[in-house]
Amino acid sequence: MDFRVENKIGVPAPSDALWDVLSDLEGWSAWNPVFVEARGTLGFGATLSLVERIEGVGERRVQARLGDWVPYSKLVWAEKRGWQFTSTRYVLIDEIAAGSCIVTTGEIYGGMRGESHYMKHRRALRRACEAMNEALRDQVAPPGPERFQQQG
């Protein structure tokens, strides 16, 4: 059985602005509170080297494989975290109107050890998804009155 944690957020920005930030893996350290280091290139099966920092869980080095990516739409990577433990991370961008998107950030845990990790840390993992989404939103649409105005 798989266990999923995710967060959705509205972002008043076009999908290309979000994708520019997401696809710049080396630039994640400037805005991403969860993946404080990232290296790699976008390509099917490419290796990603990340440093993940989640409050209440700790910091760890991640070697993952890029599983799927569609420009302006999704970025998915997976890792085998040991015996009976896999995880798949994803960021999905859904442009619902010109200049307005829903971003979903999440992770799916598989295997018996994945279930145990999820059950032990689910609140911290949920907060991490939320923090990453808010930081991404703030990177492309900084806080201020103009962020909350209706777009015509």
Side-chain angles (χ1 to χ4, degrees), residues 1-40 42 48-79 81 85-111 113-151:
M1 177 177 231
D2 291 336
F3 295 86
R4 177 186 312 255
V5 60
E6 70 178 28
N7 177 264
K8 294 182 183 214
I9 192 169
V11 180
S15 60
D16 59 335
L18 287 157
W19 186 254
D20 287 346
V21 173
L22 278 176
S23 64
D24 177 18
L25 298 174
E26 303 280 331
W28 282 19
S29 62
W31 64 269
N32 195 323
V34 176
F35 293 100
V36 296
E37 291 179 32
R39 284 191 216 50
L42 297 183
L48 301 180
S49 297
L50 309 159
V51 174
E52 177 187 74
R53 186 179 298 150
I54 298 176
E55 188 175 331
V57 178
E59 182 175 296
R60 67 187 190 90
R61 296 209 169 271
V62 176
Q63 293 295 313
R65 289 250 179 238
L66 194 59
D68 196 6
W69 63 280
V70 176
Y72 316 108
S73 181
K74 69 179 168 179
L75 185 61
V76 180
W77 64 97
E79 67 173 304
R81 294 176 65 170
F85 190 178
T86 60
S87 70
T88 302
R89 275 264 191 193
Y90 56 91
V91 180
L92 308 174
I93 302 168
D94 184 22
E95 190 157 4
I96 57 174
S100 185
C101 294
I102 299 292
V103 175
T104 305
T105 299
E107 188 163 13
I108 302 167
Y109 299 92
R113 291 192 57 226
E115 175 184 3
S116 174
H117 180 78
Y118 169 81
M119 297 305 278
K120 181 177 180 182
H121 301 293
R122 66 180 172 259
R123 287 180 185 87
L125 299 170
R126 194 168 291 118
R127 284 192 303 268
C129 288
E130 183 178 338
M132 185 170 160
N133 266 351
E134 289 173 352
L136 177 57
R137 177 201 59 209
D138 292 348
Q139 185 70 16
V140 298
E146 64 280 353
R147 183 165 89 183
F148 300 104
Q149 292 177 354
Q150 290 277 351
Q151 295 192 10

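Every heavy atom of this structure was used, including side-chain atoms; hydrogens, water molecules and symmetry mates were not.
Of the inter-residue distances, the one linking T88 atom OG1 with E107 atom CD reads 8.0 Å to the nearest 0.5 angstrom. Put simply, OG on S116 and CZ on R113 are 8.0 Å apart, with the number rounded to the nearest 0.5 Å. The CD atom of E52 lies 12.5 Å from the CZ atom of R61; values are rounded to the nearest 0.5 Å. Rounded to the nearest 0.5 angstrom, S87 OG and I108 CD1 are separated by 9.5 Å. Within the model, atoms CD of E37 and CZ of R53 stand 8.0 Å from one another, a figure rounded to the nearest 0.5 Å.
Taking each heavy atom of N32 and V34 in turn, the nearest pair found is OD1-N, 2.9 Å. The two residues E95 and S15 come nearest to each other via the heavy atoms OE1-OG, 2.7 Å. The two residues A38 and W28 have their closest heavy-atom pair at CB-CE3, 3.9 Å.
The only member of D94, D68, T104 that meets side chain to side chain donor-acceptor pair (under 3.5 Å) when paired with K74 is D68. None of L22, V21, D20 except one satisfies the side-chain contact (heavy atoms from CB on, under 4.5 Å) rule with V140; the exception is V21. Checking each of I54, V103, T105 against M132 for a side-chain contact (heavy atoms from CB on, under 4.5 Å) leaves exactly one that passes, namely T105.
Other residues, nucleotides and ligands contribute more than 12 heavy atoms inside 6.0 Å of the CD atom of E26. Within 6.0 Å of CZ on R39 lie no more than 12 heavy atoms contributed by other residues, nucleotides or ligands. Shown here is F85, whose CZ atom has more than 12 heavy atoms of other residues, nucleotides or ligands within 6.0 Å.
Side-chain contact between S49 and Q63: present, with at least one pair of heavy atoms (C-beta onward) separated by less than 4.5 Å. Counting only heavy atoms from C-beta outward, the side chains of E134 and I9 approach each other to under 4.5 Å. Under the 4.5 Å side-chain criterion, counting only non-hydrogen atoms from C-beta, V11 is in contact with L18. At a threshold of 4.5 Å between non-hydrogen side-chain atoms, the residues R137 and C101 do not count as touching. The side-chain heavy atoms of Y109 and V5, taken from C-beta on, include a pair separated by under 4.5 Å. Side-chain contact between Y90 and R4 is present, with at least one heavy-atom pair separated by less than 4.5 Å. You'll find the side chain of L50 stays beyond 4.5 Å of the side chain of R89, heavy atoms only. Annotation: side chain of L42 is in contact with side chain of L75 (closest heavy-atom distance under 4.5 Å).
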Under the criterion side chain to side chain contact (heavy atoms under 4.5 Å, CB included), I'd like the reasoning laid out for H117 against L125: C-alpha separation, chi angles, the key distance, then a yes or no.
CA-CA 10 Å; H117 180 78; L125 299 170; 4.2 Å; yes
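When atom types are taken as modelled, the side chain of N7 and the backbone of N133 share no donor-acceptor pair closer than 3.5 angstrom. Of the possible polar contacts, one joining the S23 side chain to the W19 backbone as a donor-acceptor pair under 3.5 Å is found. No donor-acceptor pair under 3.5 Å is formed between the side chain of R126 and the backbone N or O of R123.
Ring pair F35/W77 is perpendicular by interplanar angle, where above 60° counts as perpendicular and below 30° as parallel.
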